[in-house]
Structures are given as C-alpha cells and as structure tokens.
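We name chains A, B, ... by the order of the sequence lines, and we start the count at 1 in each one.
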Amino acid sequence: MPEKKVRVRFAPSPTGGLHLGGVRTVLYNYLFAKQHNGTFILRIEDTDQSRFVPGAEDYIFGCLQWAGLEPDESVVHGGDYGPYRQSERKTQYRQYAEKLVAGGYAYYAFDTPEELERMRNDHKTEQNPSPQYDRSTRNAMRNSLTLPPGEVQSLLDAGAPHVIRIRMPENEIISFTDMIRGEVSFDTALVDDKVLLKADGMPTYHLAVVVDDHLMQITHAFRGEEWLPSAPVHVLLWKYLFGTDAMPQWAHLPLILGPSGKLSKRDGAKYGFPVFAMNWTDPRTGELTEGFKEKGFLPEAFINLLAVLGWNDGTQQELFTKEELIEKFSIERVHSGGAKFDYEKAKWFNHEWIKKLPVTHYLPEVKPLFEQKGITVADEVMLEKVMNLVKDRCHLLPDFVQQGAFFFAAPASFDLDAIKPKWNSSKALFFSEVIRTFELAALWTAPELEHNFKEIAAVNQLKPGEVLLPLRIMLVGGKFGPHVFDIAELLGKEETIARIRHVLSLL
RNA sequence: GGCCCGUUGGUCAAGGGGUUAAGACGCAUCCCUUUCACGGAUGAAUCACGAGUUCGAUUCUCGUACGGGCUACCA
C-alpha cells in the first residue's frame with residue numbers, strides 16, 4: 001500500500017487568545033508535517049456562532065507568523081481543500097448527518113432546551129450528578145426513536161427545530177491505537193448520544209471534525225488530551241461514514257498545567273507569567289492579557305521551550321533550532337503525562353537564545369524598547385555593540401534597556417552611598433589625575449585605559465579595587481554592568497570624562 | 001458520582017527486570033571576576049503506596065492513593 005502524503009491540521013476555534021498548549025499543538029503538527037514533507041493545514045472551527053469573537057482569527061494567524069509556524073493551507077494561504085472556515089462549509093454537513101439517520105446510526109431529536117434541562121434535573125442524584133442523553137434516557141425523550149414515524153415526518157415538514165444525535169450502540173468496545181498512549185478503549189454504553197447537527201444547521205465539533213478531516217484528507221490528527229473521552233464518538237463516525245481504514249492516526253497530546261492545575265486561559269496574569277503567545281485584548285471587556293512576544297521572548301526560544309515540554313530526543317540536548325526539531329521530532333517520544341509549566345526555565349531558554357543568536361537578529365525588536373523608555377538610540381551600530389556587551393545578563397528583551405540605558409543617556413541618579421563612606425581626598429586627587437591622563441589619551445581602548453588607570457592608582461598608592469567601584473558608579477550609576485573599561489571605551493573619551501567630572505562634583 | 005488518561009528530585013525529564021537512577025532549570029557553597037552577570041566546580045533533593053510475578057523490581061501485573069481531563073445544541 002503506497003504511503004499517503006502526510007496531511008495534518010490545527011483546528012482552533014477563534015474565541016480568544018492562543019495559549020501555550022495551542023501553540024505546542026501547532027508546533028507538533030508543523031514539525032510532523034515538515035519532517036514528512038507533508039502539508040500543514042489550519043482550519044478555523046467556528047461552528048459556534050454564539051462564541052464568535054472579532055479579531056480572534058487574525059490574532060491566531062499573527063501568532064503563527066511570529067512563531068514561524070506558517071500553515072501551507074488556510075483561509076489566508078489558500079489551498080485546494082477549502083473553504084478552511086467551517087462556517088463556510090455549513091451546507092456540506094447535513095447530508096452526512098442525514099446519511100447516519102438513514103442508516104440507523106443517528107436520529108432526530110426535538111427536545112427543547114427546557115425539556116433537556118428538566119430531564120437532567122429529574123435524573124440528577126448524588127450518585128449521578130450529570131445525567132446524560134443516552135440509552136437510559138433517550139426513550140423518554142421526544143425523538144425519532146420514540147415518536148411515530150408520521151409525527152416525525154410532519155414535525156420535520158413543519159420545520160420544527162431539531163438536532164441530530166448519534167445513537168450510541170448498547171454494548172460495544174471501541175478501541176483505537178493512539179500514537180502516544182497505545183491502545184485506548186471505551187465502552188459505548190457509557191458514552192452519551194452526542195449532538196452531531198445543531199438546530200441552527202451547524203455541525204458540532206464531533207461531526208465537523210470527522211467530515212472535514214475526511215474531506216481534507218487528513219492523515220494524522222493531533223489534539224489535546226481533553227478530547228480523549230469523545231474519541232469513541234469520532235471513531236464510530238469514521239466507521240459509519242468513511243470506514244476506519246481511512247481514519248487518520250490519532251495522537252492525544254498531554255496537557256500543559258499551571259502552578260495549580262490546569263493552565264487556564266483566563267488568569268494568565270495571576271500566575272505572574274504569560275499564557276498567550278502574543279498580547280490579546282478581549283474586544284468585549286477591553287481587558288489585555290500579556291503575551292510571550294511582548295514579554296520579550298524570542299520566537300526561537302518560545303518554540304524550543306514548547307517543543308521540549310513533553311518531548312525530548314533521548315539525548316541530553318535541550319537547545320534545538322527549528323530545523324533540528326524538524327529533523328529529530330517524533331510523536332512517539334512525546335510524554336503521556338501532563339507537564340507543569342516552569343516559567344523560570346522558560347526564561348533560561350530565552351537567555352540561551354539571546355546569547356546564541358547574533359544580536360542583529362533581534363535588534364529591531366530591542367530598539368523600540370529603548371524608545372518606549374524615552375531613550376533615543378540614534379546609532380544602531382552603537383546599540384549593536386552595547387547589546388553584545390550586555391547580552392550575557394539579559395533573560396528577556398526588555399532587560400537590554402535596563403542593562404544598556406546608561407550607554408545612551410547619563411544616569412539620572414548615582415549610588416553615592418556605595419562611594420561616600422570610603423571617600424577621601426587622596427581618591428579625589430586620584431580621579432582628577434585620571435581625568436588629566438584620559439584627556440591626553442591618544443588610544444581610547446579598554447586595555448589602554450585599564451593600564452593607565454591602574455598605573456595612576458599604583459603611583460597614588462591605591463589598590464585598584466578601591467577606585468574601581470567608584471569609577472563604575474560614575475559611569476553606570478550603580479553596581480552593575482560589564483567590565484568598566486569596556487564601558488568607558490564604548491562611551492568615548494568625552495562622555496567618560498564628563499561623567500567622572502559630574503560625580504566628582506557631587507562628592 | 002461515572003468514564004478516560006496519567007504518576008521518576010520543587011519543576012522539566014532520561015532510563016524500562018540487576019545502574020553509583022543521567023541531564024537541565026531552580027536552590028546552596030566554592031572558584032573566576034575587586035560590580036552584576038556569564039563560565040567552571042561541588043552539594044542537597046527522586047522512582048506515590050500495597051500486593052503479586054521473579055533469584056532480583058523504579059522498570060511487568062493487579063489493586064489503592066493522588067493528580068488531571070471529560071461528563072453542553074463549546075471547542
């Protein structure tokens with residue numbers, strides 16, 4: 001049997017921000033597709049009109065673009081299997097649902113929401129807090145299984161609101177092989193009669209995912225573990241509609257957990273770290289949720305840290321480029337257990353990528369950060385040098401501003417308390433001598449400056465350590481930053497001397 | 001409640017009958033550096049529990065506990 005061309009899909013519903021778990025699902029889809037020379041499809045699952053959120057769809061594409069995980073086929077990328085928005089495929093689903101009814105695998109149900117609620121209330125007990133519409137209750141409801149055929153037909157003819165539900169078999173064991181978990185099985189007697197086609201004519205996820213995966217020739221279906229309980233419904237639908245031989249191979253990905261259980265979309269801020277890929281503003285409440293991008297993560301790091309959250313290649317390697325991931329990723333090596341997200345480690349990944357990548361690669365992102373703080377960066381070459389000097393101490397992009405601001409603007413305040421207690425006239429004398437020597441310096445390089453500085457110190461019978469910290473405070477404002485003579489070199493003669501003079505006047 | 005999935009240091013995890021049970025993050029100490037980092041070294045810390053199978057279980061089986069997910073005309 002010839003191998004079918006690999007086709008995978010990510011199918012988000014455009015209802016809000018794209019969180020960590022979603023991006024990881026995208027990533028695994030993307031890596032799998034690229035590794036197999038396959039096709040990565042993005043399908044918008046917008047069958048719930050009541051949950052439509054303006055802007056959410058564009059936002060998802062924005063996130064994928066930032067992360068460098070562009071689909072091959074989608075509403076914006078085109079393709080031969082469109083439309084890629086389920087709302088635009090609406091008319092296609094009904095025929096499949098009808099076919100199931102005709103085959104006895106599904107039935108019409110006319111129950112109103114109130115009737116459903118009453119049924120749930122009537123059957124609700126402490127032992128059974130969530131009664132289902134299933135073999136135990138469907139015979140007491142208003143559906144084509146209980147109503148006389150004539151009445152069903154006249155209801156249908158009269159356009160009475162109705163849904164189509166799957167009729168779960170009484171006693172069947174449905175099992176399939178999950179690429180991550182191995183064989184998984186379910187007793188159909190314990191699964192409810194899920195709605196397949198809603199009263200508004202839209203399919204539910206259950207019908208849509210099977211029909212579209214078939215129509216779009218999907219070969220491998222990756223999704224979150226939360227879908228596992230409804231997998232038997234999907235398997236059954238495949239069996240009834242297209243045959244299980246045509247069914248994609250399933251892989252249910254482990255969940256990404258927050259500090260206290262499930263990582264919730266809602267309270268990202270509560271954790272003290274982002275949960276969304278990019279900033280998301282809820283159009284209804286105006287509430288902004290910060291994203292990894294705006295927090296200062298590099299896409300390379302973001303992808304890397306997500307990839308290894310639940311997967312590893314069996315070696316000790318932790319840092320992977322996208323190309324390496326494409327080469328090495330394997331779905332079978334994905335962990336089956338959920339993983340708690342560790343923000344500290346996420347920052348470590350970003351730090352590693354900041355050090356690893358040439359600073360010019362992310363300089364365009366860093367420059368505006370300075371400007372946001374009111375610091376003008378006129379010279380990009382200077383910024384590049386500064387970034388190279390301080391990148392070892394930056395975990396997030398905004399750290400560059402904190403670490404590098406004093407190169408572009410004289411410090412607004414100085415940690416004089418670090419100097420004053422040990423300040424004396426001989427040190428003052430020393431620094432004025434330093435100024436004189438620096439003024440005459442023909443060669444303005446760090447080694448040269450250091451040599452001169454230490455020589456003067458020796459002549460004045462001062463230990464370098466006694467005057468190094470004061471010099472640092474004068475140039476930087478505080479006790480931080482790279483080697484002080486590297487700073488002086490970059491600052492230039494004029495600025496260095498000016499800063500020494502200024503602080504001298506404060507002492 | 002029912003069903004499903006899971007469980008190796010605080011976190012991510014390798015390993016899958018016999019190992020000193022890797023590595024990374026974080027933490028601590030030390031070295032380097034007369035700042036802060038980087039880097040280097042060292043250290044504390046783990047197989048949820050109980051049965052079984054076996055000469056031998058962290059590894060296999062079964063229970064229990066715990067964690068998570070699902071239980072909508074949401075995805």
Please encode protein proximity along nucleotides 21-33 of chain B as a string of B, S and -, counting only heavy-atom distances under 4.0 Å. -SSBB-------S
Does the ring-ring contact (aromatic ring centres under 6.0 Å, His included) test come out yes or no for Tyr271(A) and Phe341(A), once each step is laid out? CA-CA 11 Å; Tyr271(A) 301 137; Phe341(A) 182 68; 9.3 Å; no
Verdict with reasoning, Arg333(A) to Asn312(A), per side chain to side chain donor-acceptor pair (under 3.5 Å): CA-CA 7 Å; Arg333(A) 283 197 65 88; Asn312(A) 71 83; 3.1 Å; yes
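For rC38(B), the base is syn relative to its sugar; the glycosidic angle is within 90° of 0.
Residue Gly337(A) is in sugar-phosphate contact alone, with no base atom involved, counting any heavy-atom pair closer than 4.0 Å across all strands shown. Note on Arg333(A): only backbone sugar-phosphate atoms sit closer than 4.0 angstrom, heavy atoms only; bases stay farther off. Nucleic acid contact for Val476(A): none, since no nucleic acid atom lies under 4.0 Å from a heavy atom of the residue. Within 4.0 Å (heavy atoms only), Val390(A) reaches no atom of the nucleic acid at all. Nucleic acid contact class of Gly310(A) (heavy atoms, under 4.0 Å, all strands): sugar-phosphate only. Here Lys347(A) lies out of heavy-atom contact (under 4.0 Å) with every strand. Nucleic acid contact class of Thr47(A) (heavy atoms, under 4.0 Å, all strands): sugar-phosphate only. As judged by a 4.0 angstrom heavy-atom cut-off over every strand, Pro12(A) is placed among residues making no nucleic acid contact. Nucleic acid contact class of Phe349(A) (heavy atoms, under 4.0 Å, all strands): none.
The Lys198(A) side chain lies nearest to rC74(B) when the options are rC74(B), rC3(B), rC38(B). Of the candidates rG1(B), rU35(B), rU34(B), rG1(B) carries the atom nearest the Gln127(A) side chain, counting heavy atoms from C-beta on. Distances from the side chain of His335(A) to the nucleotides rA13(B), rU35(B), rU34(B) place rA13(B) closest. In the set rC5(B), rC12(B), rC38(B), rC5(B) carries the atom at the smallest distance from any side-chain atom of Val184(A). Of the candidate nucleotides rC74(B), rG2(B), rU34(B), rG2(B) has the atom lying nearest to any side-chain atom of Leu190(A).
Across rG23(B) and rU46(B), the matching P atoms stand 15 Å from one another, rounded to whole Å. Atom C1' of rU11(B) sits at a distance of 41 Å from the matching atom of rC73(B), rounded to the whole Å. A gap of 28 Å separates the P atoms of rC60(B) and rC70(B), to the nearest Å. Between the C1' atoms of rC32(B) and rA41(B), the separation comes to 11 Å (whole Å). Taking atom P in both rA13(B) and rU19(B), one finds a spacing of 25 Å when rounded to whole Å. On the C1' atoms, rC47(B) is 15 Å away from rG6(B), given to the nearest whole Å. With P as the reference atom, rU7(B) and rC62(B) are 14 Å apart, rounded to whole Å. Comparing the same atom, P, in rA45(B) and in rG63(B) gives a spacing of 35 Å after rounding to whole Å.
Judged by Watson-Crick or G-U wobble contacts below 3.5 Å, the nucleotide rA65(B) has rU7(B) as its partner. The nucleotide rC32(B) finds no pairing partner, because no Watson-Crick or G-U wobble arrangement with both distances shorter than 3.5 Å includes it. When Watson-Crick and G-U wobble pairs are counted only if both distances are under 3.5 Å, rA13(B) pairs with no nucleotide at all. rU53(B) is unpaired under the criterion used here, namely a Watson-Crick or G-U wobble arrangement in which both key atom distances are under 3.5 Å. Nucleotide rC27(B) forms a Watson-Crick or G-U wobble pair with rG43(B), both donor-acceptor distances falling under 3.5 Å. rC70(B) and rG2(B) make up a base pair, with Watson-Crick or G-U wobble contacts both under 3.5 Å.
Across the interface with RNA chain B, nearest-nucleotide mapping of Phe341(A) and Pro113(A) shows Phe341(A) to be the residue nearer the 5′ end.
For the OP1/OP2 pair of rA14(B) and a distance below 4.0 Å, the side-chain nitrogens and oxygens of Asn312(A) include at least one atom meeting the criterion. Distances shown here put every side-chain N or O of Thr204(A) at or beyond 4.0 Å from the OP1 or OP2 atom of rC74(B).
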Contact list (N/O, under 3.5 angstrom) for nucleotides 66-72 of chain B vs protein:
{"from": "rU71(B)", "atom 1": "O2'", "to": "Gln132(A)", "atom 2": "NE2", "distance (Å)": "2.8"}

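Remark: side-chain polar atoms of Asn350(A) are not paired, donor with acceptor, to backbone N or O of Ala301(A) under 3.5 angstrom.
Applying the ring-ring contact (aromatic ring centres under 6.0 Å, His included) test between Tyr28(A) and each of Phe222(A), Phe10(A), Phe329(A) identifies Phe329(A) as the sole match.
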